[in-house]
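Whatever order the structure lists ligands and atoms in, that order sets their numbers, starting from 1. If you read the sequence from its start, that first residue is 1, and numbering goes on from there. Nothing here was measured: the structure is a model prediction, and the numbers come from that model.
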Amino acid sequence: MVSGWRNIPLGRLRGIPVYVSPTWFIVAAVITVGFEPFVARSLRDLGAGAYAVTFAFAVLLYVSVLLHELSHALTARAFGLPVRGITLHFLGGHTEIERDSPTPGRDLLVSAAGPALSLVLGAAAYLAAMPVTAPIPEYLLLVLAAANGIVGFFNLLPALPLDGGHMLRAAVWRISGDEQRGTVVAARAGQVLAGLVLLVPFVVGDGPTTFGIVWAALVAMLLWTGATQALATGRMRARIPRLGARELARRAVPVSADQPVSEALRAARERGASSMVVVDARDRPTGVVNLTALSALPEERRPWVSVASVARTVSDGMTLGVDIAGTELLAAMRSAPVPEYLVLDHDGTVYGVLAAADVDAALSAKGSGTR
Ligand SMILES: [Zn+2]
């Protein structure tokens, strides 16, 4: 929904790039205007100054969120996990961490670091407010204490995409030894929480307000999207180890470069193959036929076009061993992105052709993902 908006770089903190989403300005405006009546009630005789106080609160709230995210980021980095950056957006922040194969214990600590810091910050703000007698600083410190307390406790709720959800996922993963089960449990909890959040404005306070309903709907939507995404990513991750060049490769027939496309297609059909590899006079593979280019070729042109003109010359990254599988296969494909790869057997002979589209389809296939 908001991903199309360009994030504004704020600079770097301990080497970690920090961005702010343009949606933040909307939320800052909503807080400044929306909370002004509460401030005006608590601190009388402020006049328009009440807006300055609520704006200061909006800024302090986001500084707290930034510190919360920084706590995640620095903990992750201490464990050797690369951190791509922190983004502050509408309703909070997000730390992008590259977690290729973390252990559940590490995941748990990285997730817990954020809420732990928020709770400490909340307690510190509360203690700092005690000796203060000037009304505005005292008010700001107390509101800050409450906000950090809420951020800390809310994020500890055991539901993805919240920190508590990551902790629940890590705990289930640790106990069952099954990462995917952890994801499913924590993501389902996230979907349930999204539903419960929708009810909050109707059961808390003296009846629902428009502001409360809109706010609850936004939070619920964010939770639902995050939980559903986590579920999809988890299913995809669970499929990765089962991807193998051997299983996914299409059978290929050898064809010579000057053979017409129509003839090569007939040879492939006769041998039950769905792919073609161009070989030289000594049967060495020199090219892989691009199936998209082939299917785009009109029927009547096929007898007049040579196979070589719809083939891609074999280069280093395009050749894969028959035993490559899982994350290794995906990494090899990422480093040399082409539509088709040549799969070679142990003795260097052609085993088949691996189409990138077939790997994508196997990754995103519906069903059979949940255990
Ligand atoms: Zn967090």
Side-chain angles (χ1 to χ4, degrees), residues 2-3 7 10 13-14 16-21 23-24 27 31 58-99 102-125 144-173 182-183 185-187 189-191 193-194 197 215 218-231 233-234:
V2 291
S3 54
N7 293 325
L10 279 186
L13 270 177
R14 314 270 303 268
I16 297 163
V18 179
Y19 306 90
V20 62
S21 155
T23 53
W24 177 81
V27 178
I31 291 175
V59 172
L60 284 174
L61 183 63
Y62 271 82
V63 170
S64 307
V65 171
L66 178 59
L67 292 173
H68 171 112
E69 296 303 327
L70 202 60
S71 177
H72 284 304
L74 293 179
T75 312
R77 209 163 60 175
F79 283 120
L81 299 171
V83 178
R84 282 208 209 115
I86 294 173
T87 306
L88 298 178
H89 56 77
F90 128 96
L91 292 182
H94 173 69
T95 304
E96 214 179 321
I97 304 167
E98 284 175 44
R99 312 180 191 202
T103 62
R106 225 163 30 167
D107 224 21
L108 193 105
L109 288 173
V110 171
S111 308
L117 186 99
S118 294
L119 295 177
V120 168
L121 215 57
L144 192 66
N148 272 288
I150 292 168
V151 167
F153 281 116
F154 181 68
N155 273 293
L156 279 176
L157 290 174
L160 278 175
L162 301 176
D163 294 325
H166 283 283
M167 292 162 72
L168 173 65
R169 174 182 175 277
V172 175
W173 175 11
T183 307
V185 169
Q191 291 176 329
L193 182 64
V197 164
W215 203 249
L218 282 175
V219 174
M221 193 176 66
L222 217 69
L223 287 172
W224 181 270
T225 317
T228 311
Q229 225 159 42
L231 215 52
T233 313

Any donor-acceptor N or O pair under 3.5 Å, side chains Thr87, His94: no
As a test of reading the structure, name the N/O/S atom of His72 that is nearest the Zn ion (ligand 1). NE2
Just how far is it from atom CG of Leu70 to atom CD1 of Ile86, taken to the nearest 0.5 Å? 4.5 Å
Examine Glu69 and say whether one of its N/O/S atoms is closer to the Zn ion (ligand 1) than 2.8 Å. no
Calculate the angle formed at the Zn ion (ligand 1) by NE2 in His68 and OD1 in Asp163; 10° precision is enough. 150°
Hey, which of Arg84, Glu69, His72 is the one that makes side chain to side chain donor-acceptor pair (under 3.5 Å) with Thr95? Glu69
If we check side chain to side chain contact (heavy atoms under 4.5 Å, CB included) with Asp163, which of these qualifies: Leu157, Leu156, Asn155, Leu168? Asn155
